[in-house]
Engineer: 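The structure is given below, and queries will be raised subsequently.
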Amino acid sequence: MIPLSDHDMLAQRNHDEESRQSFVNDFRIHLASNVFPGNFPTYYNRVLPNFIKEKGREPETRHEVRKVMTHDPYYSFWSAMQRNSQEMIWDSVIDSVERQLPELIEKSRKAGDKGSLTLDPDLETPKYHVAADIHLQPGAYHSDQIEDDVAAGAMYDWGTYIYSMGGLGTGNNALGQITNGFFKNEYPDKKPLRILDMGCTIGGSITYWAQQHPDTECYAIDVGAPVLRYGHARAEALGAAVHFSQQNAEHTDFEDESFDIVMSHILLHETSRTAIQNVFDESYRLLKPGGIMMHMDLPQAHGQQPLEGFLFEWEIYNNNEHFFAQLRDMDMAELCRKAGFKDENIHPKSAGSFWMDDQTPYADDGFEFPITIGIK
Amino acid sequence: MTQNAEPKVTLPRDAKGKRSVFFDDPAIDQIMTFILELSAEVSVVYDRMDTVERLLDEKGTISRDDIEAYRPNEDVEAARNGRREAYLKRVFRMHPESGPKD
Ligand SMILES: C[S@@+](CC[C@H](N)C(=O)[O-])C[C@H]1O[C@@H](n2cnc3c(N)ncnc32)[C@H](O)[C@@H]1O
């Protein structure tokens with residue numbers, strides 16, 4: 001695999017760790033390009049005819065498809081391998097992080113001060129994050145194993161890159177590139193002075209924005225301390241000024257009407273139904289009049305065929321993405337309305353790698369993320 | 001090399017949450033993990049051997065440090081990618097669906 005661009009906080013891999021990560025990366029590419037597609041003939045030639053024979057009709061929902069596909073041997077093998085590949089991602093990054101942890105912590109303590117880091121040890125980790133380790137990262141985003149821990153962030157940097165099979169780009173910032181490109185195209189005249197990224201993790205996206213908009217004050221919040229410590233040190237290592245703080249996006253301590261943009265990148269699907277409404281309410285409160293809310297997340301169920309919808313939900317059932325289930329059917333416009341946005345200022349949009357500035361190996365794929373826009 | 005030194009902190013290795021069951025016999029789920037992790041290790045050994053061979057070609061004699069310090073350049077990584085792709089196709093050859101069963 002093409003390695004991530006080096007920066008001072010990146011865990012260095014020894015010879016075999018590099019090779020093991022490359023294997024997992026290539027294994028996931030193999031699954032995606034050679035094994036996953038076999039689910040379609042399996043369904044149409046075997047599972048569907050059996051279903052019709054039994055019920056006299058085709059499945060009407062993705063849930064009906066799930067009931068029958070999960071017993072098919074081909075699907076089961078693909079699914080079992082996909083699950084293992086996810087576990088193997090973390091397995092292949094933990095060793096190097098564990099070995100270098102003391103040095104990484106030391107570096108993060110000495111991080112620069114272009115931006116800042118404010119932690120709140122009393123902040124409660126939301127229930128939706130302690131129920132299970134989301135996408136199987138052992139310890140998830142929030143667990144500290146040692147004082148000033150940065151391990152969760154260091155693992156996330158390499159882990160998500162391998163997860164995306166390089167799709168996040170060697171700067172691990174594809175999502176930020178997409179929202180930034182989208183924003184510039186959609187609102188060419190807006191010059192945001194102060195922006196907030198909610199659920200920033202290691203700040204991959206907001207750090208990219210900060211690099212692109214050096215005159216904009218960039219803020220980023222997350223509930224996880226180890227990812228924030230890492231994210232802050234990473235941003236400083238990249239020479240970007242971002243103000244990180246440990247806060248729950250449902251209720252922050254920022255002032256009313258203090259931001260030009262409030263955004264998130266794949267945060268919503270990892271929170272609860274109530275939390276999503278709270279995040280929208282909070283976004284509204286924080287926006288200046290004319291300010292833009294921009295929440296980018298994973299595709300919803302409407303418009304997807306039953307088989308497609310079922311396959312798309314694999315991570316809900318097998319990758320501890322349980323909270324994604326409810327987002328699939330939620331009415332985003334209604335959430336915006338309840339938060340206070342006027343009908344004419346609510347815009348369901350979408351954006352994909354088309355908007356990226358650099359051309360990563362996967363930049364031409366057609367996948368689009370829905371973006372919920374509300375203008376105050 | 002600090003590779004085998006005892007780490008100061010032990011990080012958790014297992015993700016919290018119920019693991020999905022994919023097969024009627026859970027033993028198959030367990031064996032899948034063994035096979036997949038083993039295939040990763042075979043691939044790592046292969047890359048290591050490839051490193052040794054390349055270094056020997058280049059220098060005639062090598063040390064462990066040479067191996068540890070070695071990182072594939074773009075051409076070498078492309079060759080290794082190709083090797084892994086063929087390897088994966090061979091080892092994980094799926095039985096194709098041939099049509100409805102009666
Ligand atoms: C998938 S990650 C987001 C990736 C990141 N935005 C990026 O662009 O790379 C989801 C993040 O949301 C954070 N999170 C979840 N619920 C939150 C909440 N209520 N407030 C703040 N952060 C939250 C998690 O801790 C996690 O770091």
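All heavy atoms count here, side chains included; hydrogens, waters and symmetry mates do not. Letters go in sequence order (proteins before strands), and every chain restarts at 1.
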Engineer: Mind checking side-chain hydrogen bond (donor to acceptor under 3.5 Å, both in side chains) for A:Arg13 and listing every partner two or more places apart, or none if nothing turns up?
Structural biologist: A:Gln21
Engineer: With a 6.0 Å cut-off (strictly less than), is the heavy-atom count around CZ of B:Arg93, excluding the residue itself, greater than 12?
Structural biologist: no
Engineer: So which part of A:Ala80 gets closer than 4.5 Å to some heavy atom of chain B, the side chain, the backbone, both or neither?
Structural biologist: both
Engineer: Residue by residue, which of residues 314-325 of chain A have a heavy atom closer than 4.5 Å to a heavy atom belonging to chain B?
Structural biologist: A:Tyr317, A:Asn318, A:Asn320
Engineer: Enumerate by number any residue of residues 17-28 of chain B whose heavy atoms lie under 4.5 Å from heavy atoms of chain A; in the absence of such residues, state 'none'.
Structural biologist: B:Gly17, B:Lys18, B:Arg19, B:Ser20, B:Phe22, B:Phe23
Engineer: Just wondering, do A:Ser22 and B:Arg80 contact through their side chains at under 4.5 Å, heavy atoms?
Structural biologist: no
Engineer: Would you say B:Phe92 and A:His30 make side-chain contact, with heavy atoms under 4.5 Å?
Structural biologist: yes
Engineer: Under 4.5 Å from any heavy atom of chain B, what part of A:Leu136 do you find: side chain, backbone, both or neither?
Structural biologist: both
Engineer: Which one wins on heavy-atom pair count under 4.5 Å against chain B: A:Tyr44, A:Trp78, A:Phe77?
Structural biologist: A:Phe77
Engineer: Compare all side-chain heavy atoms of A:Ile2 with those of B:Glu77 and state whether any distance is below 4.5 angstrom.
Structural biologist: no
Engineer: To the nearest 0.5 Å, tell me how far B:Glu85 CD sits from A:Asp26 CG.
Structural biologist: 8.0 Å
Engineer: Please answer whether the main-chain N or O of B:Leu11 pairs with a side-chain N or O of A:Gln145 as donor and acceptor at a distance below 3.5 Å.
Structural biologist: no
Engineer: For B:Tyr87 and A:Phe23, take the angle between the two ring planes, folded into 0 to 90°, and tell me which bin it lands in: parallel under 30, tilted 30 to 60, perpendicular over 60.
Structural biologist: perpendicular
Engineer: Heavy-atom pairs under 4.5 Å with chain B - which of A:Ser96, A:Ser85, A:Pro102, A:Ala132 has more of them than the others?
Structural biologist: A:Ala132
Engineer: Sort A:Gln100 into side chain, backbone, both or neither according to what part of it lies under 4.5 angstrom from a heavy atom of chain B.
Structural biologist: neither
Engineer: Are the side chain of A:Asp133 and the backbone of B:Ala15 linked by a donor-acceptor contact shorter than 3.5 Å?
Structural biologist: no
Engineer: CZ of B:Arg48 to CD of A:Glu18: how many Å apart, nearest 0.5 Å?
Structural biologist: 12.0 Å
Engineer: Counting only heavy atoms closer than 4.5 Å, note whether A:Ala131 contacts chain B via side chain, backbone, both or neither.
Structural biologist: backbone
Engineer: Please classify the contact between B:Asn81 and chain A as side chain, backbone, both or neither, with a heavy-atom cut-off of under 4.5 Å.
Structural biologist: both
Engineer: Please determine whether the number of non-hydrogen atoms from other residues, nucleotides or ligands lying under 6.0 Å from atom OH of A:Tyr128 exceeds 12.
Structural biologist: yes
Engineer: Below 4.5 Å from any heavy atom of chain A, which atoms of B:Arg13 appear? Answer side chain, backbone, both or neither.
Structural biologist: both
Engineer: Sort by residue number and list every member of residues 152-161 of chain A having a non-hydrogen atom under 4.5 Å from chain B.
Structural biologist: A:Met155
Engineer: Output the option from A:Gly139, A:Pro3, A:Ser79 having the highest count of non-hydrogen pairs under 4.5 Å with chain B.
Structural biologist: A:Ser79
Engineer: Could you tell me which of A:Val35, A:Ile134, A:Ile94, A:Asp149 has the largest number of non-hydrogen atom pairs under 4.5 Å with chain B?
Structural biologist: A:Ile94
Engineer: Between A:Ser143, A:Ala140, A:Ala151, A:Pro138, which shows the greatest number of heavy-atom pairs under 4.5 Å with chain B?
Structural biologist: A:Pro138
Engineer: Under a 4.5 Å heavy-atom cut-off, does chain A meet the side chain of B:Glu37, its backbone, both or neither?
Structural biologist: both
Engineer: Among A:Arg83, A:Glu87, A:His71, A:Met88, which residue has the highest count of heavy-atom pairs closer than 4.5 Å to chain B?
Structural biologist: A:Arg83
Engineer: What are the two closest heavy atoms between B:Ser43 and A:Ser19, and how far apart are they?
Structural biologist: O-OG, 4.0 Å
Engineer: When rounded to the nearest 0.5 angstrom, what is the spacing between CD in B:Glu41 and CG in A:Asp16?
Structural biologist: 8.0 Å
Engineer: Where do B:Glu68 and A:His15 come nearest, in terms of heavy atoms and distance?
Structural biologist: OE1-N, 3.4 Å
Engineer: Between B:Val44, B:Ile35, B:Asp47, who has the most heavy-atom pairs with chain A when the cutoff is under 4.5 Å?
Structural biologist: B:Val44
Engineer: Are the side chain of B:Lys16 and the backbone N or O of A:Val130 linked by a donor-acceptor pair below 3.5 Å?
Structural biologist: yes
Engineer: Check the surroundings of atom CG in A:Asp148: do more than 12 heavy atoms from other residues, nucleotides or ligands lie under 6.0 Å from it?
Structural biologist: yes
